[in-house]
J.: 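Sharing a structure, written as structure tokens. Questions coming.
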Amino acid sequence: MSIVKIEKIVKIKVELLLLSMHLTNMNIRPRRNRKNSAIRAMVEETKLGTENLIYPLFIEDGASVKTEIKSLPNNFRWSLDTLLPEMEKCIELGINSFVLFPAVNDSLKDTVASYSYAHDNFYLDAIRKIKEVFPHISLMSDVAMDPYSSDGHDGLVRDGIILNDETLPVLGQMSLAQAQAGIDVLGPSDMMDGRVGYLREVLDSNDFIDVSIMSYSAKYASAFYGPFRDALNSTPKSGDKKSYQMNPANKREALLEAQLDFDEGADMLMVKPATCYLDIIHMLKENFKIPITAYNVSGEYSMVYAASQNGWLDYDSAMSEMLLSIRRAGADGILTYFAKDFASLVNK
Ligand code: PBG
């Protein structure tokens with residue numbers, strides 16, 4: 001036998017020996033816990049149900065309105081009369097939490113968002129009526145100036161500068177009006193400093209101790225809000241929101257924002273958007289002992305929707321995976337435009 005042949009045989013023998021050693025040492029085989037659906041279901045770590053979902057709905061003044069939002073397909077601007085039956089359908093599917101956003105006519109917008117607490121405000125009427133018809137649901141509001149502001153910003157603007165402290169009383173009046181209308185949870189989405197403490201004070205001193213605050217704590221200046229701004233026609237008229245919404249590059253800053261909101265009396269802390277910010281959701285969950293929510297925003301929905309329309313993704317699977325990942329990261333509640341479709345899917 002040639003020396004080359006011998007070398008080859010020895011090499012093969014050594015490889016076989018290594019392989020058999022490896023196999024006998026492989027006493028942990030994770031695939032055994034995935035071998036059938038009963039086992040897979042038993043060891044499933046994350047449960048996601050309709051009780052985790054909060055459905056964003058858009059309302060405008062008028063009657064018989066159901067206008068589809070172009071960049072947010074299958075989502076509509078409703079009037080109260082068309083919204084109530086839609087909510088009833090959602091409730092039948094198991095959704096019991098909603099967040100309501102007002103689409104305000106441009107003619108009612110001004111620089112100080114005075115319509116946000118006007119006594120004849122249709123949004124406040126809708127809150128009153130919805131809670132009368134569905135007293136058991138959890139209804140959440142939006143607290144920010146942008147739906148009512150002719151500047152399209154979340155705070156007062158003077159010479160292109162956002163006035164933080166002067167904005168707080170506006171948010172306070174808006175919140176008080178919403179509390180009087182019967183809102184369950186206030187959702188300050190404005191990112192002004194000090195607003196959670198300010199709003200808590202306004203609520204408590206007016207005997208609204210049971211009204212909760214779900215604070216948009218870590219709200220990033222994101223490209224994924226586009227369709228929402230189309231829905232409300234609330235794109236800033238000048239500049240951007242980077243002086244109040246957070247830099248997507250920052251993580252430790254989210255801890256600071258969350259700590260402030262926690263100290264000021266927030267009942268729940270929100271991260272927004274969700275999918276690109278799973279690390280932030282996880283971090284807040286590890287660091288705070290109150291519920292964490294995440295806003296699966298308009299652009300995240302539209303992306304999945306558009307891709308599935310093109311046949312590039314399977315809508316139900318992509319939706320479920322996206323929501324599950326947000327829940328796995330640590331979100332107790334998820335604000336999502338998928339709420340109704342997900343609920344329909346699990347009811348099948
Ligand atoms: C603003 C607000 C925004 C959203 C909710 N409240 C957008 C913005 O900051 O312009 C976005 C929600 C979404 O994209 O689904 N107060």
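Just so you know, ligand 1 is whichever comes first in the structure, and atom 1 is the first atom listed for that ligand.
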J.: For atom 7 (C) of ligand 1, which protein heavy atom lies nearest, and how many Å away is it?
T.: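 Going by distance alone, atom 7 (C) of ligand 1 is nearest to F228 CD2, 3.7 Å.
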
J.: Here's one to test your reading of the geometry: is the NZ or CZ of K109 within 45 degrees of the ring axis of Y148 and under 6.0 Å from its centre?
T.: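 No - K109 does not lie over the ring of Y148 by the 6.0 Å and 45° rule.
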
J.: Can Y337 be said to touch ligand 1, with heavy atoms closer than 4.0 Å?
T.: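 So Y337 counts as touching ligand 1.
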
J.: When the ring centroid of F338 is compared with that of Y315, is the distance short of 6.0 Å?
T.: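 Aromatic pair counts; centres sit under 6.0 Å.
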
J.: Evaluate Y216 for polar contact with ligand 1, using N/O atom pairs at a separation under 3.5 Å.
T.: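 No - when backbone and side-chain N and O of Y216 are compared with those of ligand 1, no distance drops under 3.5 Å.
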
J.: Can you pull out the closest protein heavy atom to atom 2 (C) of ligand 1? Residue, atom name and distance to 0.1 Å, please.
T.: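 It is K219 NZ, 3.1 Å.
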
J.: Among R229, M191, K272, whose heavy atom sits nearest atom 5 (C) of ligand 1?
T.: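 Looking at heavy atoms only, the winner is K272.
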
J.: Which heavy atom of the protein is the closest neighbour of atom 9 (O) of ligand 1, given with residue, atom name and distance?
T.: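 Scanning the protein heavy atoms, the shortest distance from atom 9 (O) of ligand 1 goes to Q245 NE2, 2.7 Å.
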
J.: Side-chain heavy atoms nearer than 4.5 Å, only ILVMFWY residues, links allowed to pass through others: does that put V346 and F98 together?
T.: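 Yes, V346 and F98 fall within the same hydrophobic cluster.
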
J.: Considering only heavy atoms from C-beta outward, does the side chain of Y295 approach that of V271 to under 4.5 Å?
T.: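 When only atoms from C-beta onward are counted, V271 and Y295 do not touch, as no gap falls below 4.5 Å.
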
J.: What is the nearest protein non-hydrogen atom to atom 16 (N) of ligand 1, stated with its residue, atom name and distance?
T.: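 Nearest neighbour among protein heavy atoms for atom 16 (N) of ligand 1, to 0.1 Å: S189 OG, 2.8 Å.
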
J.: Around atom 14 (O) of ligand 1, find the nearest protein heavy atom and jot down its residue, atom name and distance.
T.: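 The closest heavy atom on the protein side is S298 OG, 2.7 Å.
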
J.: Below 4.5 Å, heavy atoms only, C-beta onward: do L84 and K129 meet side chain to side chain?
T.: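 When only atoms from C-beta onward are counted, K129 and L84 do touch, with a gap below 4.5 Å.
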
J.: Note the single closest protein heavy atom to atom 1 (C) of ligand 1, along with its residue, its atom name and the distance in Å.
T.: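 Looking at atom 1 (C) of ligand 1, the protein heavy atom closest to it is D146 OD2, 2.9 Å.
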
